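Each ligand, and each atom within it, is numbered from 1 in the order the structure gives. Side chains are part of it too, since the values below use all heavy atoms of this structure and drop only hydrogens, waters and symmetry mates. Count residues from 1 along the sequence. These numbers were taken from a predicted model, which means no experiment stands behind them.
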Amino acid sequence: MNPKLTPILQALSPLIEPKLKWQIGELNLIKEIRFEEDGSLYVRIDLISDSEEEKQAFTQAVEQALAPVYSGRLILNLFKVHVALNGLEGVKRVVLVGSGKGGVGKSTIAVNLAAGLQRLGYAVGVIDADIQGPSQPTLLGCKDKPQVLSNEMLLPLEAQGLKLISTGSLVDPNQALAWRGQLVSGTLLQFIRNTAWGKLDYLVIDLPPGTGEVQLTLAAELKADGLVLVSMPQEVVLGDVRRSLDLFQEKQIPILGLVENMASYQCPDCGSIRELFPHSSTALKGLEHLAKLPLDPALALASDQGHPLAWGEGATAEALVDLAKKVAAKLPI
Ligand code: ADP
């Protein structure tokens with residue numbers, strides 16, 4: 001983008017969409033902005049509102065906002081959006097984090113992958129789609145309810161710059177337990193699409209455990225860019241996981257690789273490292289190892305404190321940031 005456009009974009013972004021009553025930058029409604037050959041400035045902004053009065057007031061607000069940074073001719077195109085907003089429009093990459101079973105550390109890895117990507121300088125969001133056992137609000141120390149912008153759109157919460165939506169804050173997990181696959185994937189998709197994510201480099205989705213129909217439907221419908229699989233080395237159902245990974249690949253969802261979690265333990269007294277299980281799984285041979293993480297009390301503690309370890313220091317924190325680097329290298333923006 002022409003660097004002269006940056007202050008103009010900055011001046012426009014905080015303006016408020018009259019219907020949704022939220023910043024147009026956050027809602028990703030500034031669609032085009034450029035200098036014409038004669039030097040005039042062309043700006044196209046999508047609006048949900050179609051009231052003439054609101055449009056006039058908005059035009060004035062645009063002119064006022066631009067006055068300190070631009071004094072030339074303005075061609076302002078306010079475009080009425082007819083369809084419901086697609087909250088994912090400004091998201092560049094969707095990364096899924098899945099596991100064969102619950103309890104292997106999937107949510108812990110998902111939040112730390114998101115925090116690691118953020119530490120690398122990317123704009124990141126995380127969705128807790130583990131509808132029956134939501135844990136991201138605890139992991140990020142952020143238990144507020146998201147704000148509803150209109151009847152349809154939600155505004156994600158923010159935990160130190162990381163955007164978050166948890167299905168757990170919207171659906172009672174006890175109720176969700178009774179839901180069948182199609183209802184689960186339909187509801188999750190609705191939440192994800194109806195959230196005003198704004199501009200994000202990566203959106204990390206903490207999937208429900210398992211690699212069945214719900215996960216496959218979500219992956220395909222969201223056109224996910226890749227799946228990170230989390231497992232423990234002794235996970236007994238890995239044969240099934242292998243088969244479902246083949247299904248993901250058939251649906252053109254690349255498997256980015258495997259995170260082997262809780263694979264070893266470091267003795268706090270002598271510092272020696274013990275492998276906890278005799279062998280890595282053979283069922284997942286051929287999958288790239290993105291990270292091998294030890295059982296680390298610091299990781300569990302950081303999670304309980306709502307401050308992902310990937311924001312902290314130490315060997316495990318480094319391994320988590322390294323995982324984020326590998327994912328970013330596989331899915332460049
Ligand atoms: P899942 O999402 O697969 O159900 P969680 O991420 O909720 O699993 O992790 C289960 C428990 O294990 C949590 O209490 C978490 O803090 C802990 N945990 C996960 N990975 C590690 C690790 N490498 N070292 C120590 N504790 C861990």
Practice problem: Tell me whether the guanidinium CZ or amine NZ of Arg34 lies under 6.0 angstrom from the six-membered ring centre of Tyr42 and within 45° of its axis. | Solution: yes
Quiz item: Residues in side chain to side chain donor-acceptor pair (under 3.5 Å) with Arg44, at least two apart?
Solution: Asp46
Quiz prompt | Under the side chain to side chain contact (heavy atoms under 4.5 Å, CB included) test, residues paired with Glu158 that sit two or more places apart | solution = Lys163
Practice problem: Considering non-hydrogen atoms only, spot the tightest contact between Ala115 and Ala310 and give its length. | Solution: CB-CB, 4.0 Å
Quiz item: Residues two or more places apart in sequence or in another chain: which of them pass ring pair (Phe, Tyr, Trp, His ring centres under 6.0 Å) with Phe58?
Solution: none
Practice problem: May I ask you to check whether over 12 heavy atoms, not counting those of Lys31, lie within 6.0 Å of atom NZ? | Solution: yes
Quiz prompt | ligand 1: protein residues within heavy-atom distance under 4.0 Å | solution = Gly102, Gly103, Val104, Gly105, Lys106, Ser107, Thr108, Asn261, Met262, Pro294, Leu295, Asp296, Leu299, Ala300
